[in-house]
Engineer: 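Below are the structure tokens for one structure; questions will follow.
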Amino acid sequence: MSRALLRSVLELRAPVTRLLPLSIRPTTTTAAAAPAAASVRFFNQTAQHIEPTTQPDPTIVANNASPPDSVRTLLPILAAQPGHYITLLIHGRPYLVTQGDSIRLPFKMPGVEPGDVLRLNRASVLGSRDFTLKGAPHVDERLYECRAVVTGTESEPLRVKIKKKRRCRRKKTVKSKHRYTMLRVSELRIREEAVHES
Amino acid sequence: MSFFRITLHRSAIGLPKRTRGVLAALGLHRRGQLVFHPVSAQFAGMIMKVKELVIVEEVDRALTKREVHDSRKPDPGFWLETARAVGLQQQQQQFQQQQQEEEVRL
């Protein structure tokens, strides 16, 4: 989506705002960045000495707080785009997936059988072709629904480690065959109604 | 009772035996290890000997090893939503109800 199109969309929704929101921005921006910091204007002749206050603009301020304006205005556009991806955090490890992808976890998940449905609630990034919703540090879990089905267990080929010292004929053999749980991301949906709830 | 919260930030590899002895006395064996000691002149002196290697903070409560481990563990990021878990609970409840009914009859 071109910058001109984005601007026209923004103007339709909020005609007053002239600056691009800082937390959600289109990924195709190659032009110079939006004017930094202040949207404050001074009408004096003398130059003002202002210390630049770089306020971090997280997408999610607090669990109970309402989503910031950029999320409210741009989430519907993000949701309307055809394809989405999400960077899930399973035990802190990131997995960039979209609907229909298979994940091979580096461990065997205890207490699950094939067919069990996991609801994933930790994501660092949620995006589409032109828009990215970056969590700080996580995306609010009310904004999306992501489910994965356990498809089964895979195993690596048998590894044999031979332990032997020099000038000693005795050998010890250690076998390893680790199991790994396979998931398939069955659903990834962006919940636009979450913006209206808060 | 306040405590020193001591974290070994720099490794002791290549450092003299005396410095390594001080770290061993404090209980710091590897980089990033967290240790709690009560505030006193003895421990303050040991910290001063290795102050370049260590990050120190004063806290009210000493955490246990388990608590430190849990604070560093990331959250799983998922939960089991399947009907099987719910079904198992219902089965257990039904079994308990049947047992109670049998007791009443007897």
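Predicted model only: the values in this text are computed from it and were never measured. To find a chain, count down the sequence lines: A is the first, B the second, and so on, and within it residues start at 1.
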Engineer: Verify the neighbour count for atom CG of A:L158: are there more than 12 heavy atoms of other residues, nucleotides or ligands below 6.0 Å?
Structural biologist: yes
Engineer: Identify which part of A:R93 has an atom lying under 4.5 Å from any heavy atom of chain B, answering side chain, backbone, both or neither.
Structural biologist: neither
Engineer: Please answer: with hydrophobic residues joined when any side-chain heavy atoms are less than 4.5 Å apart, are B:V35 and B:V39 in the same cluster?
Structural biologist: yes
Engineer: Determine whether more than 12 heavy atoms belonging to other residues, nucleotides or ligands lie under 6.0 Å from atom CD of B:Q42.
Structural biologist: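 No, not enclosed.
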Engineer: Top residue by heavy-atom pair count (under 4.5 Å) with chain B, among A:V149, A:N121, A:L118, A:L88?
Structural biologist: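 Result: the option with the highest number of such pairs is A:N121.
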Engineer: Are B:F3 and B:V50 connected into the same hydrophobic cluster when the rule is that any two of I, L, V, M, F, W, Y join if their side-chain heavy atoms are below 4.5 Å apart?
Structural biologist: no
Engineer: Taking a hydrophobic cluster as the set of Ile, Leu, Val, Met, Phe, Trp and Tyr residues connected by side-chain heavy atoms closer than 4.5 Å, whether directly or through intermediates, do A:L75 and A:F131 fall within one such cluster?
Structural biologist: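 Yes, it is one cluster - the side chains of A:L75 and A:F131 are joined through contacts under 4.5 Å.
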Engineer: Is there a path of hydrophobic side-chain contacts, each under 4.5 Å between heavy atoms, that joins A:I103 and A:V112?
Structural biologist: yes
Engineer: Just checking heavy atoms, which of residues 162-177 of chain A are less than 4.5 Å from chain B?
Structural biologist: none
Engineer: If you apply the rule side-chain contact (heavy atoms from CB on, under 4.5 Å), what do you find for A:H91 with B:F78, and how did you get there?
Structural biologist: CA-CA 9 Å; A:H91 291 296; B:F78 61 88; 3.8 Å; yes
Engineer: What part of A:L120 gets within 4.5 angstrom of chain B, counting heavy atoms only: side chain, backbone, both, or neither?
Structural biologist: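 Looking at A:L120, backbone and side chain both touch chain B.
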Engineer: Could you give the distance from CG (B:L80) to CD (A:E113), rounded to the nearest 0.5 Å?
Structural biologist: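 Reported to 0.5 Å precision, the distance equals 10.0 Å.
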Engineer: Applying the 4.5 Å side-chain criterion to the ILVMFWY set and letting contacts propagate, would B:V59 and B:L26 be lumped into a single cluster?
Structural biologist: no
